[in-house]
2 protein chains.
Amino acid sequence: MEKAIEILKKNNYKVTKQRTDLLDYLGKFTVQYVSINQITNYMHTIYPGMSNNTIYRNLKEFANIGLVEYQEKDKTLVKYQCDFKNKHHHHFVCTNCGKVTELKACPIEFFTDQLPGYTVEGHAIEVYGLCADCTKKLKTAKS
Amino acid sequence: MEKAIEILKKNNYKVTKQRTDLLDYLGKFTVQYVSINQITNYMHTIYPGMSNNTIYRNLKEFANIGLVEYQEKDKTLVKYQCDFKNKHHHHFVCTNCGKVTELKACPIEFFTDQLPGYTVEGHAIEVYGLCADCTKKLKTAKS
DNA sequence: AAACTAATACGTAATAATTACTAATTAATG
DNA sequence: CATTAATTAGTAATTATTACGTATTAGTTT
């Protein structure tokens, strides 16, 4: 979590105990998402009166500086950054076990190529299905 | 709207006046999204006591049979199907004027190729930026 | 190390957005 | 036109998010 603290400081955010505890918790979720609701429940065990505002604001700020990623399909789910060296990437989400796999290649040219004169500023991509493990399990279950 | 009614029937959905009126209204939105909230307001002018349930359920059903498309980024926005001949496609959304442009090519192989052993069931893609018109306008505005 | 200050958090409430559920209504079928 | 299964109304509950004034605190300065 040292890296997260550094990034906070680098972006002129204060390092509060609420933030470090939130980041500590989020750090457990790098290959799966966790619901904001569950985060709130957990944080309330440490800070019983913690404001929703504080949680929502911090998650947004963390996302802005690349510490946290929201799930595209369901914005009530977030996870800790899984690749600090390549913050721009997309995810495969297993619909069975929830495991998240980072996608390396990003084919944005595919789209920019068919949009002459347009200014492409951003894009969202997310792929769903069964991870390799779940594919195996479900195949053998059928046979 | 004849086509929409046909598709409803083909999928064993009853053709109610609420549905036809809803589809009539949605039909105005093929190149831009409309908020569910605005839809509700409009429908209430025709059916003052119309239930939220009815609107949400119908929108979901319409989406399932390809009559309606949700915006990926903001699920409170929907639009009428813009391409019945190629229902699987993605959208570019102009962040300035809201205009939606259909993307033709879909590079899903890019992702399946890097996911050996996985079962890819679906994906969501959406591209954002300025459409050609808004790009021009904003360029000339600067110069 | 005390004081300062801008950022952050609290506490409470309001607002959206969505879903739930039962009774009443109605489209489609024969 | 009678039947029935699907659909809708009406009402309320739940979930998710935002708002805002006050209090607290991290980081800085004196």
Side-chain angles (χ1 to χ4, degrees), chain A residues 1-2 4-26 33-65 67-68 70-79, chain B residues 1-2 4-26 33-65 67-68 70-79:
Chain A
M1 286 309 107
E2 301 304 316
I5 304 297
E6 277 176 44
I7 293 177
L8 267 189
K9 286 182 181 170
K10 197 173 295 173
N11 286 274
N12 295 321
Y13 283 110
K14 290 187 177 176
V15 179
T16 67
K17 51 186 169 22
Q18 288 89 342
R19 279 179 177 158
T20 53
D21 286 337
L22 178 53
L23 285 168
D24 274 341
Y25 184 65
L26 288 169
Y33 289 94
V34 58
S35 74
I36 296 177
N37 190 39
Q38 184 176 333
I39 294 170
T40 301
N41 289 339
Y42 172 78
M43 292 305 287
H44 277 346
T45 63
I46 307 181
Y47 306 97
M50 192 168 193
S51 178
N52 284 341
N53 204 344
T54 303
I55 292 171
Y56 278 89
R57 179 173 33 75
N58 279 324
L59 288 176
K60 255 185 209 162
E61 289 166 351
F62 292 169
N64 284 338
I65 60 179
L67 288 176
V68 153
Y70 283 82
Q71 179 171 114
E72 303 286 348
K73 188 172 57 178
D74 180 356
K75 298 285 172 49
T76 70
L77 302 177
V78 299
K79 64 185 282 298
Chain B
M1 285 308 106
E2 302 303 317
I5 304 297
E6 277 177 44
I7 294 178
L8 266 188
K9 287 182 181 170
K10 197 173 297 173
N11 286 275
N12 296 318
Y13 283 110
K14 290 187 177 176
V15 179
T16 67
K17 51 185 170 19
Q18 288 90 341
R19 278 180 178 156
T20 53
D21 286 337
L22 178 53
L23 284 168
D24 273 343
Y25 184 65
L26 288 169
Y33 289 95
V34 58
S35 73
I36 296 177
N37 190 39
Q38 186 178 330
I39 293 170
T40 300
N41 289 340
Y42 171 77
M43 292 304 288
H44 277 346
T45 64
I46 307 182
Y47 306 97
M50 192 169 193
S51 177
N52 284 341
N53 204 345
T54 303
I55 292 170
Y56 278 91
R57 180 174 31 76
N58 279 323
L59 289 176
K60 256 185 209 165
E61 289 166 349
F62 292 170
N64 284 339
I65 59 178
L67 289 175
V68 153
Y70 283 82
Q71 180 173 112
E72 302 288 347
K73 188 172 57 178
D74 180 356
K75 299 283 173 47
T76 71
L77 302 177
V78 298
K79 65 185 281 298

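Just so you know, these numbers use all the heavy atoms, side chains as well, and skip hydrogens, waters and symmetry mates. Within every chain, numbering begins at 1; the chains are lettered A, B, ... in the order of the sequence lines, protein sequences first and strands thereafter.
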Of all residues at least two apart in sequence or in a different chain, which pass the side-chain hydrogen bond (donor to acceptor under 3.5 Å, both in side chains) check with B:Asn53?
none
Within the structure, does a side-chain N or O atom of A:Tyr56 lie under 4.0 Å from either OP1 or OP2 of D:dT18?
no
Any B:Lys60 side-chain N or O less than 4.0 Å from OP1/OP2 of C:dT19:
yes
Applying a 4.0 Å non-hydrogen cut-off, can you work out what B:Ser51 is touching in the nucleic acid: base, sugar-phosphate, or nothing?
base
Start with the C-alpha gap between A:Lys75 and B:Lys75, add the side-chain angles, then the distance that decides, and say whether side-chain contact (heavy atoms from CB on, under 4.5 Å) holds.
CA-CA 10 Å; A:Lys75 298 285 172 49; B:Lys75 299 283 173 47; over 6 Å; no
Using a heavy-atom cut-off of 4.0 Å across all strands, would you classify B:Asn53 as base, sugar-phosphate, or nothing?
base
Could you report the tightest heavy-atom contact between A:Thr20 and A:Lys17, atom names first, then the distance?
OG1-O, 3.0 Å
Indicate whether OP1 or OP2 belonging to D:dA9 is found under 4.0 Å from a side-chain N or O atom of B:Thr54.
yes
C:dA16 phosphate, OP1 or OP2, under 4.0 Å from B:Thr76 side-chain N/O:
no
Heavy atoms only, 4.0 Å cut-off, all strands: where does B:Asn58 land among base, sugar-phosphate and nothing?
sugar-phosphate
Heavy-atom nearest nucleotide on DNA chain D taken for B:Asn12 and for B:Gly49; more 5' hit belongs to B:Asn12
Examine D:dA26: is either OP1 or OP2 under 4.0 Å from a nitrogen or oxygen in the side chain of A:Gln18? Give yes or no.
no
Under 4.0 Å from OP1 or OP2 of C:dT8: is there any side-chain N or O of A:Arg19 that close?
yes
